[in-house]
Number of protein chains: 2
Amino acid sequence: MDVIPNRVSQRLSLYLRQLEAFQRLDRRTISSLQLGQSLGLTDAQVRKDLGYFGQFGRPGIGYLVADLIAKVKRILGTDKTWNVLLVGYGNLGRALVAHKEFAAKGFQIVAVFDSDNAKIGRKSGAIAVQALSELPCTIARERIALAIIAVPPDGAQVVADQLVNAGIKGILNFAPVSINVPPSVALNAVDLSVLLEQLSFQINFQKKDPN
Amino acid sequence: MDVIPNRVSQRLSLYLRQLEAFQRLDRRTISSLQLGQSLGLTDAQVRKDLGYFGQFGRPGIGYLVADLIAKVKRILGTDKTWNVLLVGYGNLGRALVAHKEFAAKGFQIVAVFDSDNAKIGRKSGAIAVQALSELPCTIARERIALAIIAVPPDGAQVVADQLVNAGIKGILNFAPVSINVPPSVALNAVDLSVLLEQLSFQINFQKKDPN
DNA sequence: GGATGTGAATGCATTCACAGCA
DNA sequence: TGCTGTGAATGCATTCACATCC
């Protein structure tokens, strides 16, 4: 099978989110045009994206919503639950542990780590904050494949290295710094300030251009 | 001047972040190769990106770090402070208000709103949570151009409409739903679950492909 | 020598447009 | 008729490669 373009996988999650919204409205079928318009995309792009994974639609009808949801979940790997760990129990870390939507989407945070001794042992619901030294055995015991980094920038690379060594397969990095991982480990990064800077840029620069 | 490709503005923030890191290490100059490698990009791309905005480097030398930082900040519009408001004082909202890095990067959260009467009047530092009815006058009084939405999905579009009507120029949406705004308003969206789904996809699907 | 700045060439992603099926 | 699936055509982004300058 062909290699999947990067952008396709990013949109796949959005398709799923939108399909579930249509399902809540009791829609049985949906066309590529409707799905696309709800996300600001063209119908051709929706069809092409889905086409990388198989033939899911029916000419003249469109896609069966429930069916396509199941298919996309299998593709994304969210038809089963993933155990996830969090490193960094600060402001953001606490919000992420409390974030209900993760569990609803199949991501269960089952362990929390912090390097600050004062935080170790503190409980968030059923989960006690652990020392980083316990990473390897907890990862093995709980079969954890995904990790979220929410530590200050200076600690992020060290934490990432420890996670990789302990066998983590994917990392979501919220620390405002670039981290390196081997190509065998999936990496996704979000910098909250960068998100605002992009808005600032558009308002400041792009918008004054057409004058 | 030419229109700036989308991807360029996204990388500009990363260049700034990396340049500031080099400055903390007392580096005076940096080449496009070094800057690129620190972010996993090619030297040609760094030069081409910066080239959209002017000629900032010196052949044989590279870029002056302090100088380039100032230039990029002006381009991004973060050479001055932006007042920002937040709607939704839940788990995530509280973490965002407490997020120190925003202020350090020139984004000051000066007002917080929530639709839940039980939360109105609660204080986060010097900021009291306000009712949404106060949006227009607070936006005008505090000269707020940027807004962060951190409300549950069902409320997001309504909130966005109110923000747009009240004159907000840019919106960062954390609600897990697509929202529509007029083209004159800048929009950036992050769905935390989608970020994990992309990792799940890479591990589940992409990685098994080479076999 | 060592680096930038930039047209030209390549490669990737999106859109078009239409055959084919319900 | 209405819609999918998909090669072909277009458009956008990245990389190459080299003239140019410190």
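Residue numbers begin at 1 in each chain, while the letters A, B, ... track the order of the sequences. What you see is a predicted model; the values in this text were computed from it and never measured.
Within the structure, a side-chain polar atom (N or O) of R11(A) is placed less than 4.0 Å from OP1 or OP2 of dT14(C). Taking side-chain N and O atoms only, Y63(A) has a distance below 4.0 Å to OP1 or OP2 of dG5(D). At dT4(C), one or more side-chain N or O atoms of S32(B) fall inside 4.0 Å of OP1 or OP2 (strictly under the cut-off). Contact between the side-chain N/O atoms of Q55(B) and the OP1/OP2 oxygens of dT6(C) is found at a separation under 4.0 Å. Between dT14(D) and Q45(B), a contact under 4.0 Å exists linking OP1 or OP2 to a side-chain N or O.
One can place CZ of R28(A) at 20 Å from C1' of dC3(D), the figure rounded to the nearest angstrom. Residue L33(A) contributes atom CG, which lies 16 Å from atom C1' of dG5(D) at whole-angstrom precision. Distance, K48(B) NZ to dT4(C) P: 14 Å, rounded to whole Å. Residue I4(B) contributes atom CD1, which lies 14 Å from atom C1' of dA13(D) at whole-angstrom precision. The interatomic distance linking D43(A) (CG) with dT6(D) (P) rounds to 15 Å, in whole Å. Rounding to whole angstrom units, CG of residue L35(A) and P of dG2(D) are separated by 20 Å. Rounded to a whole Å, the CG atom of D67(B) is 14 Å from the C1' atom of dT4(C). If you take CZ of F53(B) and C1' of dT4(C), they are 17 Å apart, rounded to a whole angstrom.
Taking the side chain of N6(B) as heavy atoms from C-beta on, and the options dG7(C), dA13(D), dA3(C), the nearest nucleotide is dA13(D). For T42(B), whose side chain is taken as the heavy atoms from C-beta onward, the closest listed nucleotide among dT15(D), dT6(D), dA13(D) is dT15(D). Looking at the side chain of P59(B), the nearest of the listed nucleotides dT4(C), dA13(D), dG2(D) is dT4(C).
Between L50(B) and I61(A), the residue anchored closer to the 5' end of DNA chain C is L50(B), taking for each the nucleotide with the nearest heavy atom. Along DNA chain C, the nucleotide nearest to V8(A) and the one nearest to R58(A) differ in position, and the one closer to the 5' end is contacted by V8(A).
Test D114(A), I148(A), L163(A) against V87(A) for side chain to side chain contact (heavy atoms under 4.5 Å, CB included) and you get one pass: L163(A).
Among the atoms of the strands shown, base atoms are found under 4.0 Å from some heavy atom of R47(B).
Between F102(A) and H99(A), the ring planes lie perpendicular to each other; the angle is over 60°, past the 30° to 60° tilted range.
Cation-pi geometry between R94(A) and Y89(A) is satisfied (NZ or CZ under 6.0 Å from the ring centre, within 45° of the ring normal).
Between the side chains of N83(B) and Q108(B), not a single donor N or O lies within less than 3.5 Å of an accepting N or O.
Minimum heavy-atom separation, L35(A) to S38(A): O-OG, 2.7 Å.
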